[in-house]
Amino acid sequence: MLLRRVISVSSFKNKISYMKYLLLVVFIPTVIFSQSTQQQPPHAIAIAVHGGAGSLKKLNLTPEQEKAYKDTLAIALQTGYNLLKQGKTSVDAVEASVNVLENCTLFNAGRGAVLTHNGTIEMDAAIMNGRNSKAGAIAQVKTIKNPVSAARKVMDSSKFVLMAGKGAEEFAALQGLQIVDTSYFFTPYRRVQLQKALLGDTAVLDHSDTTGMIAPADITGNPNDKFGTVGCVAIDKYGNLAAATSTGGIVNKEYGRIGDSPLIGCGTYANNKTCAVSCTGRGEDFIRHVVAYDISSLMQYRIINLHDAANYVIKEKLTKAGGRGGCIAIDKNGHIEMPFNTEGMFRGYINTKGQMVVSIY
Ligand code: ASP
């Protein structure tokens, strides 16, 4: 009797351990495996760009000038968007869009960058991958054709985050990036703009009232050589966010001044949990208020949405502190915000429905 009870209890125990065995060895791995191999539906893609914020009075721009800006922003958007459609990453897209703007003399980045006090060009750029918090940045470079691509090389092919000056240029050359004579970046209007800034003894935003952001056609004879720091944010079909910014900084800057653009968290930031942000404006204000990271942190810690976070930081906090500028930002759902507290900001987006909008004021 006792023996039979012992046998039945032991067979019961055996059954339990057999079930456990099945659960551990067969069932759980099957569930995990099938989940990991299940195709995630592609995430809706979206992209936004900016070309600088500032005193952009409607009257300053001729219809032709307005068209030139808008057309270039549209080309930049379409370039990044096409890559996203092909299944390329958001990092690929933001780099390619910023390259378009760097290669165009309309904007204060790459070719057409503003001049320093000494009449030289010193460019800064950054890029960040929201998927893994990897970031790369370069500052004070004078000969790298596309600074944002150098920032990407820093992110992908070095163990550092920020490189500056000659070292950054040396690294970019070793990485096979195109190096050009510094004269490549100069445009006639930048010299006029610097002269005005020198006369007024001001170190100003490209878009400032003092020097005039918009190059009058009668000064340059060319309505196309206009300016503005550039940036791009995007989400790819894998749901990953990225941000990039590229700039010549501010007119008449000196003593190796570096702005917010290459500083991760200040002018550029991306985090898959929250948003990707690229800023433009007086860099010192964006550094002091850690603007890009502040927007992300409000979303992460205060659980507020992108609209509220971005608008609060730019329109309330920064404005109260006397800061000027704006940003473009995109969240993990592809929602886009573009707040600014200046008269205008060159900006545009292609949203998750594929609709493109480009605006200035
Ligand atoms: N934020 C840039 C800087 O301070 C300037 C700009 O946005 O135009 O270097």
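When a ligand or atom number is given, it counts from 1 through the structure's own listing order. For this chain, numbers begin at 1 and follow the sequence in order.
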Subject >> Those atoms of ligand 1 less than 4.0 Å from some heavy atom in Thr280 >> reply: 6 (C), 7 (O), 8 (O)

Subject >> Polar contact flag, side-chain donor to acceptor under 3.5 angstrom, Asn129-Asn240 >> reply: no

Subject >> Connected hydrophobic set around Val233, excluding itself, where side chains approach under 4.5 Å >> reply: Ile235, Leu241, Ile328, Ile330, Ile336, Met338, Phe340, Met345, Tyr349, Val357

Subject >> Any Gly281 heavy atom less than 4.0 Å from ligand 1 >> reply: yes

Original post:
Are Arg152 and Asp92 close enough, and set up right, to give a salt bridge (Lys or Arg N to Asp or Glu O under 4.0 Å), and what steps lead you there?
Top reply: CA-CA 9 Å; Arg152 179 153 187 198; Asp92 293 329; 2.7 Å; yes

Original post:
Relative to the heavy atoms of Gly259, which atoms of ligand 1 are at a distance of less than 4.0 Å?
Top reply: 9 (O)

Subject >> Ligand-residue contact atoms, ligand 1 with Thr229, heavy atoms, under 4.0 Å >> reply: 2 (C), 5 (C), 6 (C), 7 (O), 8 (O)

Original post:
Do any nitrogen or oxygen atoms of Asp260 come within less than 3.5 Å of a nitrogen or oxygen of ligand 1?
Top reply: yes

Original post:
Who gets closest to atom 9 (O) of ligand 1 by heavy atom: Arg257, Met123, Arg282, Met345?
Top reply: Arg257

Original post:
Is the closest side-chain donor-acceptor distance between Asn118 and Thr120 under 3.5 Å?
Top reply: no

Subject >> Derivation of the salt bridge (Lys or Arg N to Asp or Glu O under 4.0 Å) call for Arg288 and Glu284 >> reply: CA-CA 6 Å; Arg288 286 187 195 109; Glu284 284 65 20; over 6 Å; no

Subject >> For Ser359, side chain to side chain donor-acceptor pair (under 3.5 Å) partners two or more places apart >> reply: none

Subject >> ligand 1 N/O within reach of Gly283 N/O, cut-off under 3.5 Å >> reply: yes

Original post:
Going by the atom numbers of ligand 1, which of them fall below 4.0 Å from some non-hydrogen atom of Gly249?
Top reply: 5 (C), 9 (O)

